[in-house]
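Structure first, commentary second.
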Amino acid sequence: NSNSNPALNYNSAFYSAPDDGKPTQVLIGLNQTLSYSVKGNQPAFTNLMQGLSMLTLLGAPSTQLDSTAKSAILAQAGPLIGQAQNQLIVQQGQLGAVQAQLQQVATAQQTAASNTTQQITTFESADQAATATQLNALQAQLQASYQVTADLSQLTLSHYLPTLMA
């Protein structure tokens, strides 16, 4: 309704994706999801596109649009773009919080990947002979512990008393 002449009114045709009203969920880590609800068919974007497309009409020759029509277009496009700007600022703030959360997860994942790589490098560069020697010593200690445990399990009061009475 940008012109007093109905034949010259602005007609908007915008793509409108179905919107179930639910935010988009994205898996960003093990049992971690991120939610955001910015979509291109929201009023912030449609108002901006409508206002900008209206402004493009201002460049039309005077034979197509007279100065009254151009003034009417400008009067409608200005507030529409201003409203879109305010809505986009709100969405920018919401996306900033989502971006900060995503950055924290990315940093944690990078740290975990670095630590894992360092552990793998440590395991790969280990002295195999020294490790084998340590393993053999630990196996011998374990066998000795098992033997002591087995010997202790055989001790009963009836086995112990005859040695005291003799």
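We number each residue from 1, following the sequence as shown. For clarity, every value in this text was computed on a predicted model and none was experimentally measured. Side chains are part of it too, since the values below use all heavy atoms of this structure and drop only hydrogens, waters and symmetry mates.
Counted by atom type alone, Gln147 and Asp151 present one or more donor-acceptor pairs between their side chains at under 3.5 Å.
The minimum heavy-atom distance linking Gln101 with Thr33 is given by the pair NE2-O, 4.0 Å. Of all heavy-atom pairs between Ser35 and Gln25, the closest is OG-NE2, 2.6 Å. Listed here is the closest heavy atom pair of Gly51 and Ala77: O-CB, 3.7 Å.
Within the 4.5 Å cutoff, the side chain of Leu55 has heavy atoms near those of the Leu74 side chain. Between Leu95 and Gln92 the shortest side-chain heavy-atom distance does not fall below 4.5 Å. At least one side-chain heavy atom of Gln42 sits under 4.5 Å from a side-chain heavy atom of Gln91. At least one side-chain heavy atom of Leu48 sits less than 4.5 Å from a side-chain heavy atom of Ile81. Using a 4.5 Å heavy-atom cutoff, the side chains of Lys39 and Thr24 are in contact.
Here CD of Glu124 is found 9.5 Å from OG1 of Thr122. Values are rounded to the nearest 0.5 Å. Separation of atoms CG (Leu80) and CE (Met54) is listed at 6.5 Å; rounding is to 0.5 Å. For the atom pair Ile73 CD1 and Thr56 OG1, the distance stands at 8.5 Å (nearest 0.5 Å). Separating the OG atom in Ser71 from the CD atom in Gln76 is a distance of 11.5 Å, to the nearest 0.5 Å. With rounding to the nearest 0.5 Å, the separation of OG1 in Thr46 from CD in Gln87 is 7.5 Å. Once rounded to the nearest 0.5 Å, the distance linking CG of Asn115 with CD1 of Ile120 reads 11.0 Å.
No more than 12 heavy atoms of other residues, nucleotides or ligands shown are found within 6.0 angstrom of CD on Gln99. Shown here is Gln118, whose CD atom has no more than 12 heavy atoms of other residues, nucleotides or ligands within 6.0 Å. Heavy-atom contacts from other residues, nucleotides or ligands closer than 6.0 Å to CD of Gln109 number more than 12. For Gln128, the CD atom sits in a loose shell: 12 or fewer heavy atoms of surrounding residues, nucleotides or ligands are nearer than 6.0 Å.
Between the side chain of Ser114 and the main chain of Gln110, no donor-acceptor pair closer than 3.5 Å is present. A donor-acceptor contact shorter than 3.5 Å is absent between the side chain of Gln64 and the backbone of Leu57.
For the side chain to side chain contact (heavy atoms under 4.5 Å, CB included) with Val98, the lone residue among Val38, Leu34, Val26 that qualifies is Leu34.
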